[in-house]
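See structure below.
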Protein chains: 2
Amino acid sequence: MARPPDKTARAELLLAASEEFAAHGVEGTTIQAITVRAGRSKGAFYLHFDSKDTAFRALVESVFDGLASFLGDVVPTPKLGWGLAEVRAHWLATDVRAFEYVWRHRDVFRLVLSGGMCERFAFLTDAFALAASESIARWLRYGVAQGFYRADLDVEIASMMIGGAYDGLARELVGRKRKPRLTQWLAQFQGVFVGGLGAQVRPRRQDANGATTTPVPRVARRNRGVASRR
Amino acid sequence: MARPPDKTARAELLLAASEEFAAHGVEGTTIQAITVRAGRSKGAFYLHFDSKDTAFRALVESVFDGLASFLGDVVPTPKLGWGLAEVRAHWLATDVRAFEYVWRHRDVFRLVLSGGMCERFAFLTDAFALAASESIARWLRYGVAQGFYRADLDVEIASMMIGGAYDGLARELVGRKRKPRLTQWLAQFQGVFVGGLGAQVRPRRQDANGATTTPVPRVARRNRGVASRR
DNA sequence: CCGGTTATTGACCGCGCAGTCAAGAATGGC
DNA sequence: GCCATTCTTGACTGCGCGGTCAATAACCGG
């Protein structure tokens, strides 16, 4: 008995919200704009969400859930026994699938990665960031144990760097107008990390500056700052 | 004749604005809050700035001007004739100085790098991003020409990666509570880029996936996403 | 076709902020 | 001390937005 709820309302509102967020940012979007775009009333919005923040949170959570599914499908243990070739092929494939996913949902990721996000939403991404960072560290340790990587690698710093580089890659990706060749991108990316920029065999040598370091910089530019958009 | 203007007002307001922005984000900061913190009246604010955006822009521009001064103090040309050692030492030193600067102004950089910034302020960072990216590419090409780097390096992709990694490093830095050992950080950072993660001499070999690539991935985790905070 | 139930609507309210401006304070010249 | 000039103030205004709720529409079983 009684009128049944319109099951499509929530999904339509969420879609409209994501479009408005993408166009004007979270802060710059009014609830009115969302409801107009969805062709719904303001009341309908409050029927499904407590506030704009709730809607945004729902949006980000659903997208991150999808992304997290790419993490941890294989956990490296000593028993795994994968050679460099298998590991390489498997993870390149996984990377490509993950980045395809990011590209598909680039409107939402753009919000998360470049502005729009208030400090108050950081917890949404932190869980993923932590899981990703740990996954990187696990594989680095596995590689060291298997002899793939140099024994003096500072796993802490290296995983931070690699995580940051993926982060930067994602930022670059979501800023693009056209989809780049992801497989080529990622292969280059991984090639640089594994093989370095160096031309040839460099003798390992103790660095003057400190700590564990090996060879050292050079390319490292002072550049810093924000990676180029577009 | 007549009352002279208070020269300190503008600086005081800008300082107060940066503190409020840091605490509540740009959107979350009210002009009232800025003026209260500065111990000035609302009218005083409008005497010096057209709007909140103008103040934010002034703040970011001044900080980026300082950062840009680290770029391009030496331009690599074939005549330069620097060996790997000189280049390395010079740029590590420059990186350290630049990151010290970022640390000193981390409140502002945090706003620029992680949220708070609306799309509408992107142009503020784009000029720097472009300059930095070009600087990286120049040095990469120099390194290839001098034989430091492998000849088949895709400068386009590599400079994007490196820029992104610096970006990530800066993001990580501004999220820290305590200042890390920057010299060690940057030496590791550059070490990984130049030498790679690989354990030993790997024979150069043609990759199956495509293009110019050399060895290939492995560590590359699917991780992606947001680098860990804190 | 009717009455009971639930979904949906959009005009309305109040708050809080950006921006204004007339009144008043500070200063310098005389 | 007094006037002319410029700086400084903060109460005030209008507006736009988030959030509410009484009225209405849609639906169901009988």
Side-chain angles (χ1 to χ4, degrees), chain A residues 1-61 111 115-121 124, chain B residues 1-61 111 115-121 124:
Chain A
M1 65 194 43
R3 179 181 181 179
D6 186 344
K7 292 300 190 179
T8 68
R10 189 187 149 94
E12 284 176 15
L13 283 165
L14 217 46
L15 179 65
S18 79
E19 291 168 348
E20 285 293 326
F21 288 158
H24 307 112
V26 177
E27 303 280 353
T29 295
T30 67
I31 291 180
Q32 177 127 8
I34 296 172
T35 56
V36 167
R37 181 183 281 259
R40 300 280 168 159
S41 71
K42 199 186 255 191
F45 182 89
Y46 284 99
L47 206 61
H48 293 283
F49 307 100
D50 288 344
S51 66
K52 191 167 59 170
D53 279 9
T54 309
F56 180 64
R57 183 177 161 160
L59 197 62
V60 173
E61 276 177 345
L111 287 169
M117 286 271 295
C118 214
E119 195 60 34
R120 125 189 72 119
F121 294 124
L124 288 174
Chain B
M1 71 214 7
R3 180 180 181 182
D6 186 343
K7 293 299 191 179
T8 68
R10 189 188 150 95
E12 285 176 15
L13 283 164
L14 218 45
L15 178 65
S18 78
E19 291 167 351
E20 285 293 326
F21 289 157
H24 307 112
V26 177
E27 303 280 352
T29 295
T30 66
I31 290 179
Q32 178 127 13
I34 295 172
T35 57
V36 167
R37 180 183 282 259
R40 299 280 168 158
S41 70
K42 199 185 258 191
F45 182 89
Y46 284 100
L47 206 62
H48 294 283
F49 307 101
D50 288 345
S51 65
K52 191 167 58 172
D53 280 10
T54 309
F56 180 63
R57 183 177 161 161
L59 197 62
V60 173
E61 276 177 343
L111 287 169
M117 287 271 297
C118 215
E119 195 59 34
R120 126 189 71 122
F121 294 124
L124 289 174

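Each chain gets a letter, A, B and so on, in the order its sequence line appears, and its residues count up from 1.
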Are Phe56(B) and Thr29(B) close enough that some pair of their side-chain heavy atoms sits under 4.5 Å apart? no

Got Gln32(A) and Phe45(A) here, is their nearest side-chain heavy-atom distance under 4.5 Å? no

Short of 4.0 Å, heavy atom to strand atom, which residues of residues 6-14 of chain A count as contacting DNA chain C? Asp6(A)

Sorted by chain and residue number, the side-chain contact (heavy atoms from CB on, under 4.5 Å) partners of Ala22(A) (sequence neighbours excluded) come out as Asp107(A)

Test side chain to side chain donor-acceptor pair (under 3.5 Å) applied to [X] - qualifying residues, sequence neighbours left out:
X        : answer
Glu12(B) : Thr8(B), Arg40(B)
Ser41(A) : none
Thr30(A) : none
Arg37(A) : Glu19(A), Glu20(A)

Please report the distance, rounded to the nearest Å, between [atom1] in [X] and [atom2] in [N].
X        : N       : atom1 : atom2 : answer
Leu47(A) : dA25(D) : CG    : P     : 18 Å
Phe45(B) : dC21(C) : CZ    : P     : 18 Å
Arg40(A) : dG19(D) : CZ    : C1'   : 20 Å

One should read off an interatomic distance between Phe21(B) CZ and Ile34(B) CD1, to the nearest 0.5 angstrom, of 4.5 Å

Could you go over nucleotides 13-20 of chain C and give all protein N or O partners under 3.5 Å, atom names and distances?
residue, atom, partner, partner atom, Å
dA18(C), OP2, Ile31(B), N, 3.1
dA18(C), N7, Lys42(B), NZ, 3.2
dG19(C), OP2, Tyr46(B), OH, 3.2
dG19(C), N7, Lys42(B), NZ, 3.4
dG19(C), O6, Lys42(B), NZ, 2.7

